[in-house]
J.: 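There's a structure below that I have some questions on.
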Amino acid sequence: MITQNKRLISIILISAMLLFIPLIAMQFTEEVNWTLFDFLIGGALLFGTGLVIELVVRNSEKIKYRNTLLVAVVIVFLLIWAELAVGIFGSPFAGS
């Protein structure tokens, strides 16, 4: 139980620390212009990806299967992030 809480806290802290990067960058340059909505979506994506990774690690026993799922989760995360940032697929959710 304590280990599960530590992992959840770690996921929350890592997500928050990654969101500090654009927050700090906004103080030094005009090229980074995130709104509150951007931070909420980014936080949800980071936290959700962390939870899915934790779920995969806990529930998969075979190393090969686990690694394949982890790579798939990371690729899906990166594709969603890129679509929201610059619109690589041209969906209505594209950022540009």
J.: Please determine whether the number of non-hydrogen atoms from other residues, nucleotides or ligands lying under 6.0 Å from atom CZ of Phe39 exceeds 12.
T.: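 Yes, CZ of Phe39 has more than 12 neighbouring heavy atoms, counting only those of other groups under 6.0 Å.
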
J.: Would you say Ile21 and Phe77 are hydrophobically clustered, going by side-chain heavy atoms of ILVMFWY under 4.5 Å?
T.: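 Ile21 clusters together with Phe77.
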
J.: Could you give the distance from CD1 (Ile41) to CG (Leu36), rounded to the nearest 0.5 Å?
T.: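 Nearest 0.5 Å value for the CD1-CG distance: 10.0 Å.
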
J.: Could you pull out the closest heavy-atom pair between Ile24 and Phe28, with the gap in Å?
T.: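 So the minimum-distance heavy-atom pair works out to O-CD1, 3.2 Å.
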
J.: Which pair of non-hydrogen atoms, one from Phe47 and one from Ile11, has the smallest distance, and what is that distance?
T.: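 Result for this residue pair: CD1-CG2, 3.7 Å.
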
J.: Identify the two heavy atoms, one from Ile88 and one from Ala82, that lie closest to each other, and give their separation to 0.1 Å.
T.: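 Shortest heavy-atom contact: CD1-CB, 4.0 Å.
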
J.: If you look at every heavy atom in Asp38 and Asn33, which pair is closest and at what distance?
T.: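 Reported closest heavy-atom pair: OD2-O, 4.0 Å.
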
J.: Do Leu84 and Leu45 have side-chain heavy atoms sitting under 4.5 Å apart?
T.: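 In contact.
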
J.: When you measure from the side chain of Thr29 to the backbone N and O of Ala25, does any donor-acceptor pair fall under 3.5 Å?
T.: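 Flag not set: sc Thr29 to bb Ala25 has no pair under 3.5 Å.
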
J.: I'd like to check Trp81 versus Leu46 (side-chain heavy atoms, cut-off strictly below 4.5 Å). Are they in contact?
T.: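 They are in contact (side-chain heavy atoms under 4.5 Å apart), so the answer is yes.
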
J.: For the side chain of Glu54 and the backbone of Leu8, is there at least one donor-acceptor N/O pair under 3.5 Å apart?
T.: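 Here the side-chain-to-backbone pair does not exist.
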
J.: Hey, quick one: are Leu51 and Ile80 part of the same hydrophobic cluster, counting side-chain heavy atoms closer than 4.5 Å, chains of contacts allowed?
T.: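 Cluster IDs for Leu51 and Ile80 differ.
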
J.: As an exercise, state the distance from CD1 of Ile14 to OG1 of Thr49, rounded to the nearest 0.5 Å.
T.: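 Here the rounded value is 12.5 Å.
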
J.: Can you hop from Phe37 to Leu23 via hydrophobic side chains spaced under 4.5 Å?
T.: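 They do share one cluster, since a chain of ILVMFWY contacts under 4.5 Å joins Phe37 to Leu23.
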
J.: When you group the ILVMFWY residues by side-chain heavy-atom contacts below 4.5 Å and let the links chain together, are Leu18 and Val32 in the same group?
T.: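 Hydrophobic grouping puts Val32 with Leu18.
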
J.: Treating Ile, Leu, Val, Met, Phe, Trp and Tyr as nodes and any side-chain heavy-atom pair under 4.5 angstrom as an edge, say whether Val57 and Leu55 lie in one connected cluster.
T.: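 Different hydrophobic clusters.
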
J.: Taking atom OG1 of Thr35 and atom CE of Met26, what is their separation to the nearest 0.5 Å?
T.: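 Output value for this atom pair is 8.5 Å.
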
